[in-house]
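Each chain gets a letter, A, B and so on, in the order the sequences are listed, and its residues count up from 1.
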There are 2 protein chains.
Amino acid sequence: MSAEERIKKEIIQNFGHAYRAFGLNKLMGHVVALLIFSPEPLSLDEISQNLERSKGPVSQIMKRLRDRNLIRRVWHPTSRKDFYEIQPEIFENAFRNNFELIKSNTRLAKQLKATVNKEKSDNFDTLKLRLLEMQKFYELTEKHFDNFLSEWSVEREKIYSKSK
Amino acid sequence: MSAEERIKKEIIQNFGHAYRAFGLNKLMGHVVALLIFSPEPLSLDEISQNLERSKGPVSQIMKRLRDRNLIRRVWHPTSRKDFYEIQPEIFENAFRNNFELIKSNTRLAKQLKATVNKEKSDNFDTLKLRLLEMQKFYELTEKHFDNFLSEWSVEREKIYSKSK
DNA sequence: GTAATCGTTTGAATTTTTTCAAACGTTAAA
DNA sequence: TTTAACGTTTGAAAAAATTCAAACGATTAC
């Protein structure tokens, strides 16, 4: 096996683990790594072949990746096949996906707090305070996420303008 | 079922889903919610009983939660049992756990970039740039995480000093 | 209009994760 | 020293997620 192939395999494996750690499907990570690695868009067949999976699950994974804005479809004028490539803003988009989870936690905390506050019972004192803390925590998180994203767009621009 | 119990059940379910979305065991979320809800520390038996699980899996989950600094053990002078309560800094600690994942991604990007840069081949141009982007992205993330955590400790102090 | 080439869907098979009950070991009481 | 009360470990059972091969439907080529 060539050095290239070794590195490629390693990256693919690593991405699989990383995706897994974040609660996503390992195969999603593999596909993302493969596409990051590839200078050209790849077809469904090429991807299945490369990762040694059948078309079925790969097709499903491609849908999930598209839903998350991590990849996108492109078309060759000469071919009837779909081709896929990485979304240029993949890291930012992955981050946004997690951001959505954070936001849903904020909403959850607020909603729970509202429900609990309606109750007369004193038993909820500990909980009320905790839910307030939770809400504040996630609100602060959201603020910093926003800051991060605007700073990142500047940073990213720098990387790619240099490389031209 | 009383209003209290209803709310409690709902919170427990919600936490289960949230934990799941982040790639953790649902039962971990349930235990955390139960302990957040509880004004008093709970024993292993009480937790198993409350969540209708046997001691075995709960014992294992408690270990995982302790490893992640989300709960802690306390002892009653009068009882031989272990009791558990939420770590006061649970949100911060959960955040730190994710932070560790981010850091491992930074390390991964750096390491991959180093490996790839050693290669003479031109085939890696796309990949090199991507890995640079990835490294920068995660470095910026780390910076903002740090900012967040220091700001949060101030914010949290405010919440709990007010409540006294 | 028919055949060929796609991507997607589906139900079954496999693999992995979760869960349990029982056995085990340890500590404290009797 | 024995017994009782714990928490943890373990191997098997149950549940859930992943994966596949085949069927399907839609679109393009002939």
Side-chain angles (χ1 to χ4, degrees), chain A residues 12-13 15-35 38 40-68 70-85 101, chain B residues 12-35 38 40-68 70-85:
Chain A
I12 289 174
Q13 290 310 312
F15 266 71
H17 294 146
Y19 269 65
R20 192 133 210 315
F22 278 103
L24 300 172
N25 191 299
K26 208 152 61 167
L27 186 51
M28 286 172 81
H30 293 160
V31 171
V32 164
L34 182 63
L35 290 180
S38 169
E40 300 298 323
L42 298 177
S43 70
L44 191 69
D45 280 333
E46 286 170 318
I47 294 168
S48 332
Q49 204 177 328
N50 235 298
L51 301 177
E52 297 171 45
R53 294 281 141 79
S54 63
K55 281 194 312 176
V58 173
S59 167
Q60 290 168 331
I61 290 293
M62 297 322 265
K63 170 139 187 33
R64 291 177 63 183
L65 287 171
R66 263 183 288 132
D67 289 344
R68 289 173 173 267
L70 302 181
I71 62 172
R72 66 184 183 192
R73 257 199 288 230
V74 289
W75 287 275
H76 265 277
T78 61
S79 170
R80 258 168 67 194
K81 288 184 185 175
D82 292 345
F83 289 83
Y84 293 97
E85 66 181 16
L101 283 180
Chain B
I12 289 174
Q13 291 310 314
N14 277 322
F15 266 71
H17 294 145
Y19 269 67
R20 191 133 212 314
F22 278 104
L24 299 172
N25 191 300
K26 210 154 55 166
L27 186 52
M28 286 172 79
H30 293 161
V31 171
V32 164
L34 182 63
L35 290 179
S38 168
E40 299 298 323
L42 298 178
S43 69
L44 190 70
D45 280 332
E46 287 170 319
I47 295 168
S48 331
Q49 204 177 329
N50 235 299
L51 301 177
E52 297 172 45
R53 295 281 141 78
S54 61
K55 283 194 313 178
V58 173
S59 168
Q60 290 167 332
I61 290 293
M62 297 322 266
K63 170 142 186 32
R64 290 176 64 183
L65 288 172
R66 265 184 286 135
D67 290 345
R68 288 172 175 268
L70 301 181
I71 62 170
R72 66 183 182 191
R73 256 198 288 230
V74 289
W75 286 274
H76 265 279
T78 61
S79 169
R80 259 166 69 194
K81 289 185 184 174
D82 293 344
F83 288 83
Y84 294 96
E85 66 180 16

I need a per-nucleotide contact map over nucleotides 20-30 of chain C, read 5' to 3'. Cutoff is protein heavy atoms under 4.0 Å; write B for the base, S for backbone only, - otherwise. BB-----BS--

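Rounded to a whole Å, the CG atom of A:Asp45 is 18 Å from the P atom of C:dA4. Distance, A:Asp67 CG to C:dT8 C1': 14 Å, rounded to whole Å. Atom CD in B:Gln49 sits about 17 Å away from atom C1' in D:dG7, given to the nearest Å. The nearest whole Å value for the distance from the CG atom in A:Leu42 to the C1' atom in C:dG7 is 16 Å. Distance CG (A:Leu51) to P (D:dC20): 10 Å, rounded to an integer number of Å. Look at CG on A:Leu44: it is 19 Å from P on D:dA26, rounded to the nearest Å. Spacing between atom CH2 of A:Trp75 and atom P of C:dG7 amounts to 11 Å, rounded to whole angstrom units. If you take NZ of A:Lys81 and C1' of D:dA29, they are 16 Å apart, rounded to a whole angstrom.
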Going by atom type alone, with no hydrogens or angles, which donor-acceptor pairs under 3.5 Å involve a side-chain atom of residues 22-35 of chain B and a protein atom two or more places apart or on another chain?
| residue | atom | partner | partner atom | Å |
| --- | --- | --- | --- | --- |
| B:Asn25 | OD1 | B:Leu27 | N | 2.7 |

Hey, can you pull the donor-acceptor pairs under 3.5 Å for the side chains in residues 75-84 of chain A, sequence neighbours left out?
| residue | atom | partner | partner atom | Å |
| --- | --- | --- | --- | --- |
| A:Trp75 | NE1 | A:Asp82 | OD1 | 3.1 |
| A:Ser79 | OG | A:Lys81 | N | 2.9 |
| A:Asp82 | OD2 | A:Arg73 | NH1 | 3.2 |

Acceptor/donor pairs from residues 41-51 of chain A side chains to any protein atom, 3.5 angstrom cut, sequence neighbours excluded:
| residue | atom | partner | partner atom | Å |
| --- | --- | --- | --- | --- |
| A:Ser43 | OG | A:Glu46 | N | 3.1 |
| A:Ser43 | OG | A:Glu46 | OE1 | 3.3 |
| A:Glu46 | OE1 | A:Ser43 | N | 2.7 |
| A:Ser48 | OG | A:Leu44 | O | 2.7 |

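In this structure, A:Arg72 places its CZ atom where more than 12 heavy-atom neighbours from other residues, nucleotides or ligands lie under 6.0 Å away.
In this structure, A:Tyr19 OH and A:Leu70 CG are separated by 5.0 Å, a value rounded to the nearest 0.5 Å.
A close approach under 4.0 Å does occur between a side-chain nitrogen or oxygen of B:Arg66 and OP1 or OP2 of D:dT8.
Contacts classified as side-chain hydrogen bond (donor to acceptor under 3.5 Å, both in side chains) and involving residues 54-63 of chain A (residues at least two apart or in different chains) are given here: A:Lys63-A:Asp67.
Near-neighbour residues of DNA chain D inside residues 13-28 of chain B, defined by a heavy atom below 4.0 Å, number-ordered: B:Arg20.
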